[in-house]
Amino acid sequence: MIYNNEQRKRIFKVLEYIDEHLEDSLTLEKLSAISTYSPFHFQRMFKSIVGETPSAYVKRNRLENAAHLLIYEHHIPITQVALMCGFSSLSYFTYSFQSYFQTNPKKWREGAYLERFPREYEGNSKNSKEVSKMMKENKEHTRYNKFKWLDLAKVETRILTKCITVKNQVIGSYTKGIPAAWEEVFRWCDSRELLKENTLFLGIPRNNPYITPPEKSRYDCHIAISEGSEDENDEDTFIFNGGKHVVYEFEEPIDYSERSMLIECYSELYSYWLPKSGYKYLSNPVELITIVRNKNSLTLECNIKAIALAIEPK
């Protein structure tokens, strides 16, 4: 069944709520109430748009969030990670984690994640034999010599301005479909004369590609609008909180089809810059986007000019 934009927006509103309340009880009744649809129609619509049932989506996101925290927040005990991600007991969390990732949380933290990730996170102070073995095998196989993509001397910290945005969202591979989503929200803003010469375009990948399957990944396309515009108080506007970010700007903007390179760049920021910086990351990465109208054509060219991570002192 094909759903209209209003129905999709209501489901995406529920996804936003889930993201912000993963540690809470997220019953079908509560989520359907947020969507304003009956539980029966909400569940059917959710599965059609998102590709899985609400309960499966919630559980998968809790596990994937836990997997991320186990690597990059090594100081947080596993039991606390479980509670932070909405699991009522350590035993249920361990069972669910083992079923999903084919390893237990302790082994994942100690290095089993390297079966999916290209390199070790240097913030992990306790290296297990498993980590050392995997790192040795990876180096022998790839001849990788630390920084492959980034010139860390060009990494800088900036304050990104808090702003009101309008948003479009796409579910699926980060290498396909995103430019079309940008074009849709760009045309919407353009027809309402919301675009200015210095308009900010922010792309937000909501998932770690090493953890989340491509077909289940989410990506947000945000366009900042001026305060005082007629659309400022629209229920479909969002707040980008801005704040301090670590930023790496590319010499030439990167095409979305080069996502594999971008993933490596993020990995180097997480694995090498962040542990030695005195900062910790706060939330999803942010991509600063350039959008250019092609001459003599209605098409747009969308590229990534910089990547950023929200940070605060440890």
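Sequential numbering from 1 along the given sequence is applied to the chain's residues. Only heavy atoms go into these numbers, but all of them, side chains included; no hydrogens, no water, no symmetry mates.
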Those residues that, when tested against Tyr266, pass ring-ring contact (aromatic ring centres under 6.0 Å, His included) (two or more places apart):
none

Check: [X] side chain, [Y] main-chain N or O, donor-acceptor pair, under 3.5 Å:
X      : Y      : answer
Ser191 : Trp188 : yes
Asn61  : Tyr57  : yes
Ser267 : Glu264 : no
Glu287 : Ile307 : no

For [X] and [Y], work out which heavy atoms get closest and say how close.
X      : Y      : value
Val166 : Val185 : CG2-CG2, 4.0 Å
Phe250 : Ile304 : CD1-O, 3.9 Å
Val14  : Leu31  : CG2-O, 3.7 Å
Pro253 : Thr290 : CB-OG1, 4.2 Å

Under the salt bridge (Lys or Arg N to Asp or Glu O under 4.0 Å) definition, can you give me all pairs with a residue in residues 297-314, not counting sequence neighbours?
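Sorted pair list: Lys280-Glu312.
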
Check whether more than 12 heavy atoms from other residues, nucleotides or ligands sit under 6.0 Å from atom NZ of Lys47, and answer yes or no.
no

Strictly below 4.0 Å, N to O, side chains only: are [X] and [Y] in salt-bridge contact?
X      : Y      : result
Arg206 : Glu20  : no
Asp19  : Arg218 : yes
Lys154 : Glu251 : yes

Would Tyr37 and Phe42 satisfy ring-ring contact (aromatic ring centres under 6.0 Å, His included), going step by step from the backbone distance to the final call?
CA-CA 5 Å; Tyr37 297 112; Phe42 164 71; 7.9 Å; no

Asp151 vs Tyr248, side chain to side chain contact (heavy atoms under 4.5 Å, CB included): CA-CA, chis, key distance, verdict
CA-CA 9 Å; Asp151 178 356; Tyr248 187 85; 3.9 Å; yes

Return the set of residues passing salt bridge (charged side-chain N to carboxylate O under 4.0 Å, His left out) with Glu252 (not counting sequence neighbours), or none when no residue passes.
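Partners of Glu252 under the salt bridge (charged side-chain N to carboxylate O under 4.0 Å, His left out) test: none.
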
Pairing residues for Arg158 by the salt bridge (charged side-chain N to carboxylate O under 4.0 Å, His left out) criterion, not counting sequence neighbours
Glu156, Glu249

Under the side chain to side chain donor-acceptor pair (under 3.5 Å) rule, what do Ser91 and Ser89 come out as? Steps first, then yes or no, please.
CA-CA 5 Å; Ser91 59; Ser89 71; 3.3 Å; yes

Show your working on side chain to side chain donor-acceptor pair (under 3.5 Å) between Glu64 and Tyr100 and close with a plain yes or no.
CA-CA 9 Å; Glu64 291 174 356; Tyr100 190 70; 2.8 Å; yes

How far apart are the C-alpha atoms of Thr299 and Asn294, what are their side-chain angles, what is the distance that settles it, and do they pass the side chain to side chain donor-acceptor pair (under 3.5 Å) test?
CA-CA 6 Å; Thr299 60; Asn294 290 322; 2.9 Å; yes

State yes or no: do Leu160 and Leu282 share one hydrophobic cluster built from I, L, V, M, F, W and Y residues joined by side-chain heavy-atom distances below 4.5 Å, directly or via other members?
no

For the atom pair CD1 (Ile171) and CD1 (Ile49), what is the distance rounded to the nearest 0.5 Å?
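Going from the CD1 atom of Ile171 to the CD1 atom of Ile49 covers 8.0 Å.
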
Suppose the criterion is ring pair (Phe, Tyr, Trp, His ring centres under 6.0 Å): which pairs have a residue in residues 281-314, not counting sequence neighbours?
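Sorted result for residues 281-314: His68-Tyr281, Tyr270-Tyr281.
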
Asp220/Gln169 under side chain to side chain donor-acceptor pair (under 3.5 Å): CA gap, chis, key distance, verdict:
CA-CA 5 Å; Asp220 294 346; Gln169 187 172 108; 2.8 Å; yes

Taking the inter-plane angle between the rings of Tyr219 and Tyr174 on a 0 to 90° scale, is it parallel (under 30°), tilted (30 to 60°) or perpendicular (over 60°)?
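Tyr219 vs Tyr174 ring planes: perpendicular.
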
Test of understanding: with side chain to side chain contact (heavy atoms under 4.5 Å, CB included), list the residues that count as partners of Lys59, not counting sequence neighbours.
Leu63, Tyr92, Ser96

